[in-house]
Amino acid sequence: MRKLSYGTSVLLAVMAVFALALAATAAAKTSGPQVSGKITADGSSTLGPYTTAAAERFERANRGAQVVVGISGTGGGFERFCKGEIDLANASRPIKLTEAKKCQDNDVGYIQFLVANDGLSVVVNNGNDWAKCLTVEQLKKIWQPGSKIKNWKEVDPSFPSQKLTLFGAGTDSGTFDYFTDAIVGEEGASRSDYTATEDDNVTVRGVSGEKGALGYFGLSYFESNKSKLKAVEIDGGDGCVAPSVETVQNGTYKPLSRPLFTYVKKSSALEKLEVDAFLQFLIDNQETISRGALFVPLTTDQLERSRTVLEGAATDVD
């Protein structure tokens, strides 16, 4: 076999990389001609990686488009959204009545889209070999307001005497709202003596750095950090179940499975071609984006509902 010269080898390597890049761009489904313009989004830190992944794919397919994604938390995103400052609000919970009232007062109409699913993951340090499964009641005992539990042995007498250090979502986060509602039984009800953050990477570093640490965040953050952490199985009444794509979609991972939403400003959807194109792109490519960003794709029924909402948005001028 004839050996290739160094220059030829480099050229072939460059051509191969270029071909892969073209294939990746072609793999994203587009529903029309290329668009240009700026799209602004802010909100859920959980949904941030999903929207960022979608934005990167969309920008590759539409060279003149720019999607700016912020992660100020679900509450922070709605605050900006209802002031009319951004096109899209990413949310890990439905909009609250108080937030909807602010949008109404500022004449900001909106449309809600279901874009992906997620399971809140309860995580512990890799050195934790005792808390393989926790019940909802045990988690409530740890997290409820006024809880004084500071040692794992207080959670379960069979656990070792190990200091318990807690990390979790900040109060502006939809993750905080959902977790407290599902575990404590009241949205916003939580002990306050823990490291609260809107940046899930802080929880990753904190839990991975302390043997007795425990925290919670979206499944995608666990999937991308599973070498550093362990996910605890949750017993919601029917036995211990680990968070995964399958258990979130089939509803067996309870009560910590949840839908994730993007809210679009009606005026943006109707007046900005790039926003309408991005929403269509999200729906047409949701499975690829979800799996690439380590989220749980929509079920067939959920996808059909989102398509119906988008089709209706195109003619809704109220």
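Predicted model, so just to flag it, every value in this text is computed and none were measured. Here, residue 1 is the first one in the sequence, and each next residue gets the next number.
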Which pairs count as ring pair (Phe, Tyr, Trp, His ring centres under 6.0 Å) when at least one residue sits in [range], sequence neighbours excluded?
range: residues 80-116; value: Tyr110-Tyr263
range: residues 179-198; value: Trp143-Phe179, Trp143-Tyr194, Phe179-Tyr216
range: residues 236-257; value: none

Set of salt bridge (Lys or Arg N to Asp or Glu O under 4.0 Å) partners for [X], sequence neighbours left out:
X: Glu287; result: Arg291
X: Lys228; result: none
X: Arg305; result: none
X: Glu99; result: Arg93

Requested in this report: Take Gln302 and Asn117 through the side-chain hydrogen bond (donor to acceptor under 3.5 Å, both in side chains) test and state the conclusion after the steps.
Outcome: CA-CA 10 Å; Gln302 288 174 328; Asn117 295 296; 2.8 Å; yes
Report task. Scan for side chain to side chain donor-acceptor pair (under 3.5 Å) pairs involving residues 47-56, sequence neighbours excluded, and state none if there are none. Result -> Thr51-Asn90
Just verifying a value: how many Å separate [X] [atom1] and [Y] [atom2], rounded to the nearest 0.5 Å?
X: Gln144; Y: Thr180; atom1: CD; atom2: OG1; result: 12.5 Å
X: Asn151; Y: Ser161; atom1: CG; atom2: OG; result: 4.0 Å
X: Thr165; Y: Leu214; atom1: OG1; atom2: CG; result: 10.0 Å
X: Leu134; Y: Ile234; atom1: CG; atom2: CD1; result: 6.0 Å
X: Ile86; Y: Phe78; atom1: CD1; atom2: CZ; result: 9.0 Å

Query raised in the report: Picking from Thr195, Leu166, Thr197, what satisfies side chain to side chain contact (heavy atoms under 4.5 Å, CB included) with Thr203?
Result: Thr197
Requested in this report: With sequence neighbours left out, write down each residue that passes side-chain hydrogen bond (donor to acceptor under 3.5 Å, both in side chains) with Asn250, or none if nothing qualifies.
Outcome: Thr252
Requested in this report: Using the test side-chain hydrogen bond (donor to acceptor under 3.5 Å, both in side chains), find all partners of Ser244 that sit at least two apart in sequence or belong to another chain.
Outcome: Thr247
Determine yes or no for a side-chain-to-main-chain donor-acceptor pair under 3.5 angstrom, with [X] supplying the side chain and [Y] the backbone.
X: Glu154; Y: Lys150; value: yes
X: Ser92; Y: Ser44; value: no
X: Asp118; Y: Phe295; value: no
X: Thr40; Y: Asp87; value: yes
X: Gln286; Y: Leu303; value: no
X: Lys272; Y: Lys38; value: yes
X: Gln249; Y: Pro297; value: yes

Query raised in the report: Hey, any chance Ile95 and Phe176 share a hydrophobic cluster, counting ILVMFWY side chains that come within less than 4.5 Å of each other, even indirectly?
Result: no
Query raised in the report: Do Tyr178 and Leu114 belong together in a cluster built from hydrophobic side chains that touch within less than 4.5 Å?
Result: no
**Report entry** Residues, nucleotides or ligands: over 12 heavy atoms within 6.0 Å of Gln66 CD
**Finding:** yes
Query raised in the report: Please, which pairs that meet disulfide (SG to SG under 2.5 Å) have at least one residue in residues 173-224, sequence neighbours excluded?
Result: none
Query raised in the report: Which heavy atom of Arg57 sits nearest a heavy atom of Ile289, and at what distance?
Result: CD-CG1, 4.0 Å
Report task. For residues Pro255 and Ile183, report the shortest heavy-atom separation together with the two atoms involved. Result -> CG-CD1, 4.3 Å
Query raised in the report: Are Asp284 and Arg307 close enough for a salt bridge, meaning some N to O gap below 4.0 Å?
Result: yes
Report task. Side-chain contact test, heavy atoms from C-beta onward, threshold under 4.5 Å: evaluate it for Val108 versus Cys82 and give yes or no. Result -> no
Report task. Please report the C-alpha distance between Glu79 and Lys83 in whole Å, then the side-chain angles of each, then the deciding distance to 0.1 Å, and finally whether the salt bridge (charged side-chain N to carboxylate O under 4.0 Å, His left out) criterion is met. Result -> CA-CA 7 Å; Glu79 185 175 344; Lys83 290 178 181 177; 3.7 Å; yes
Query - ring-ring contact (aromatic ring centres under 6.0 Å, His included) involving Phe58 - partner list, sequence neighbours excluded - result: Phe278, Phe281
